[in-house]
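Heads up: the structure comes next, in structure tokens.
In this text, all values refer to a predicted model and were calculated from it rather than measured experimentally.
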Amino acid sequence: MTILSPVTAKHATVLGGGAFGTALAHHLARKGTTVKMWVLEDATRDSINDDGENKTFLPGVKLSSGITATSDVAEACKDTELILLVVPTPFIRRWLHQNHYHLPVGVPLVCCSKGIEEKTLDTPYEILVEEMPGKYHKYLAALSGPSFAKEVANGNPTNVTLAADNEQTMRTAQVILSNKTFRVYTTDDVIGAELCGALKNVIAIAAGATDGFEFGSNGRAGLISRGLAEMTRLIVRKGGKQATLMGLAGVGDLVLTCSSTMSRNYTVGFRLAKGEDIQTILSGKSVAEGVKTSSSVHQLAARLGVDMPICEEVYNVIHQNKPIAEALNTLQSRPLRSEGETYKAKL
């Protein structure tokens with residue numbers, strides 16, 4: 001087994017100025033890397049450059065002086081040794097259409113977005129493979145695992161999973177991203193790692209609702225366990241590895257997202273259970289990926305013939321206006337089964 005140690009890149013690029021992109025930029029800059037961020041909003045760019053803070057998406061975190069924000073993708077990618085793509089999943093394809101030719105060939109391009117594109121049902125990595133010329137493909141990777149932006153930015157111990165098809169790309173990105181507080185494990189199960197990152201957000205909405213209704217710890221633990229079973233059925237059916245679900249990208253990220261008020265998806269479910277409507281909840285700037293992903297999962301489960309009752313009820317509440325109390329009652333009233341039973345949805 002090859003023994004690897006963290007290294008510090010001279011230059012790195014973060015494409016996306018949200019909370020997670022900013023946190024990753026700050027993490028790399030703390031390691032001594034000069035980081036250039038591409039951000040969409042002029043106000044965010046100016047806040048980072050002038051005040052050393054992303055006041056819109058990561059307020060209260062004083063950013064490293066090694067970070068510079070720009071509105072120019074080509075400038076952000078100049079002399080880079082690592083690119084982190086942190087554009088929200090619904091916008092990745094359009095962003096690549098407009099900007100992929102600015103991205104250099106030969107450096108790892110790590111997609112840090114989570115979700116499933118609603119129209120195509122592609123994961124972010126699959127979108128990159130479809131939209132980028134073949135010369136880029138061996139440099140693609142995906143980051144997943146339990147990693148709240150605020151805690152990454154604060155330097156709290158964090159462990160994540162990096163997935164890639166190419167061994168060299170995987171190892172290069174691993175050592176550049178890693179240090180004692182941000183430990184990166186690797187896997188070749190790209191589809192498994194990405195789907196874990198998408199599906200857990202949908203389950204987290206349901207977990208938030210159980211707490212909003214004050215069902216207690218038993219109820220939340222049961223929902224997380226059965227949610228993991230749903231994730232396993234879909235991921236294995238799609239070609240992912242069951243072992244991935246037992247790791248950081250799977251149960252690690254699922255437990256985190258389903259158990260904390262820092263989770264935007266958990267908060268959506270909690271607020272729904274308290275009687276707020278979905279439009280009011282979504283009116284803020286932060287993005288709860290599970291809302292859009294619930295529609296994609298509904299379609300993907302139907303396409304693959306996989307029964308996902310929790311995800312289906314989240315879809316019904318958000319997109320079909322089903323009362324959330326009725327949805328939770330539906331889940332608890334389903335026919336009794338063996339815990340290990342494998343079954344398919346009606347086609």
Side-chain angles (χ1 to χ4, degrees), residues 1-2 4 20 84-85 89 108-117 121-129 137-138 140-148 152 158-174 177-178 182-204 206-207 223-259 263 265 289-290 293-294 296-297 300-301 303-308 310-311 339-340 342:
M1 180 178 66
T2 302
L4 301 173
F20 194 46
L84 304 181
L85 180 66
T89 299
L109 172 56
V110 182
C111 188
C112 306
S113 307
K114 296 176 180 178
I116 302 171
E117 190 177 47
L121 305 185
D122 287 337
T123 65
Y125 187 96
E126 289 172 327
I127 296 172
L128 264 65
V129 170
H137 290 182
K138 71 178 183 178
L140 300 178
L143 190 71
S144 192
S147 49
F148 283 150
V152 172
T158 301
N159 295 268
V160 295
T161 298
L162 182 85
D165 291 323
N166 182 272
E167 181 79 12
Q168 184 60 48
T169 294
M170 186 189 303
R171 299 306 179 195
T172 300
Q174 179 185 30
L177 283 168
S178 293
F182 194 85
R183 186 172 176 85
V184 180
Y185 291 82
T186 59
T187 179
D188 61 1
D189 183 17
V190 178
I191 189 63
E194 281 210 302
L195 284 177
C196 281
L199 297 174
K200 57 90 182 180
N201 287 327
V202 182
I203 303 298
L223 186 136
I224 291 172
S225 299
R226 296 312 302 163
L228 182 63
E230 291 189 19
M231 291 170 58
T232 302
R233 289 196 292 270
L234 185 69
I235 287 170
V236 171
R237 181 71 176 83
K238 191 76 163 54
K241 298 178 180 179
Q242 188 166 353
T244 302
L245 286 120
M246 296 299 105
L248 291 163
V251 69
D253 209 0
L254 178 66
V255 170
L256 177 76
T257 312
C258 289
S259 305
S263 164
N265 296 286
E289 297 94 337
T293 302
S294 64
S296 302
V297 172
L300 186 59
R303 176 187 292 181
L304 297 177
V306 177
D307 190 21
M308 304 186 71
I310 298 173
C311 290
E339 186 173 30
T342 299

Passing candidate, side-chain hydrogen bond (donor to acceptor under 3.5 Å, both in side chains) with Lys241, options Asp188, Thr187, Asp189:
Asp188
Is there a donor-acceptor pair closer than 3.5 Å between any side-chain N or O of Thr257 and the backbone N or O of Ala204?
no
Roughly how far, to the nearest 0.5 Å, is the CE atom of Met308 from the CZ atom of Arg226?
11.5 Å
Kindly indicate whether the side chain of Leu234, heavy atoms from C-beta on, has any atom under 4.5 Å from the side chain of Leu304.
yes
Is the backbone of Ser294 close enough, under 3.5 Å, to the side chain of Ser296 for a donor and an acceptor to pair up by distance?
no
Given the rule in the side chain to side chain contact (heavy atoms under 4.5 Å, CB included) test, do Tyr185 and Val160 qualify, once you have shown the distances and angles that lead to the verdict?
CA-CA 6 Å; Tyr185 291 82; Val160 295; over 6 Å; no
Please examine the side chains of Thr161 and Thr186, heavy atoms only from C-beta on, and report whether any two atoms are closer than 4.5 Å.
no
Give the minimum heavy-atom separation between Ser144 and Ala249, together with the two atoms involved.
OG-CB, 3.9 Å
Measuring only between side-chain heavy atoms, which start at C-beta, is Lys238 closer than 4.5 Å to Leu195?
yes
Kindly say whether Asp307 contributes a backbone atom to a donor-acceptor pair with the side chain of Arg233 at under 3.5 angstrom?
yes
Does Ser113 reach the side chain of Phe20, with side-chain heavy atoms less than 4.5 Å apart?
no
Please tell me if the side chains of Cys311 and Ile203 come closer than 4.5 Å, counting only heavy atoms from C-beta onward.
yes
Would you say that Val129 contacts Leu140 through its side chain, given a criterion of any heavy-atom pair below 4.5 Å between the two side chains?
yes
What's the separation between atom SG in Cys111 and atom CD1 in Ile127, rounded to the nearest 0.5 Å?
7.5 Å
Do Tyr125 and Val110 come close enough that some side-chain heavy atom pair is under 4.5 Å?
no
Gln242 side-chain N/O to Val236 backbone N/O, donor-acceptor pair under 3.5 Å:
no
Residue pair Ile235 / Leu199, side-chain heavy-atom distance below 4.5 Å
yes
Separation of Glu289 CD from Asn265 CG (nearest 0.5 Å):
5.5 Å
Check this for me: does any side-chain nitrogen of one of Arg171 and Glu167 sit under 4.0 Å from a carboxylate oxygen of the other?
yes
Straight-line distance of Leu85 CG to Leu128 CG, nearest 0.5 Å:
6.0 Å
Tell me if a side-chain donor or acceptor on Thr89 pairs with a main-chain N or O of Lys114 at a distance below 3.5 Å.
yes
Below 4.0 angstrom, N of the basic side chain to O of the carboxylate: do Glu194 and Lys200 qualify?
no
At their closest point, which heavy atom of Ala164 faces which heavy atom of Ala141, and how far apart are they?
CB-CB, 3.8 Å
Point-to-point distance, once rounded to the nearest 0.5 Å, from CG of Asp253 to CG of Asn201
7.5 Å
First locate atom SG of Cys196, then atom CG of Leu245, and finally report the distance between them rounded to the nearest 0.5 Å.
4.0 Å
Determine whether Lys138 and Asp165 satisfy the following criterion, side chain to side chain contact (heavy atoms under 4.5 Å, CB included), listing intermediate values before the conclusion.
CA-CA 7 Å; Lys138 71 178 183 178; Asp165 291 323; over 6 Å; no
Closest approach of Ala198 and Thr293, non-hydrogen atoms and distance?
O-CG2, 3.7 Å
Give me the one residue out of Thr158, Leu248, Leu177 that meets side-chain contact (heavy atoms from CB on, under 4.5 Å) with Val184.
Leu177
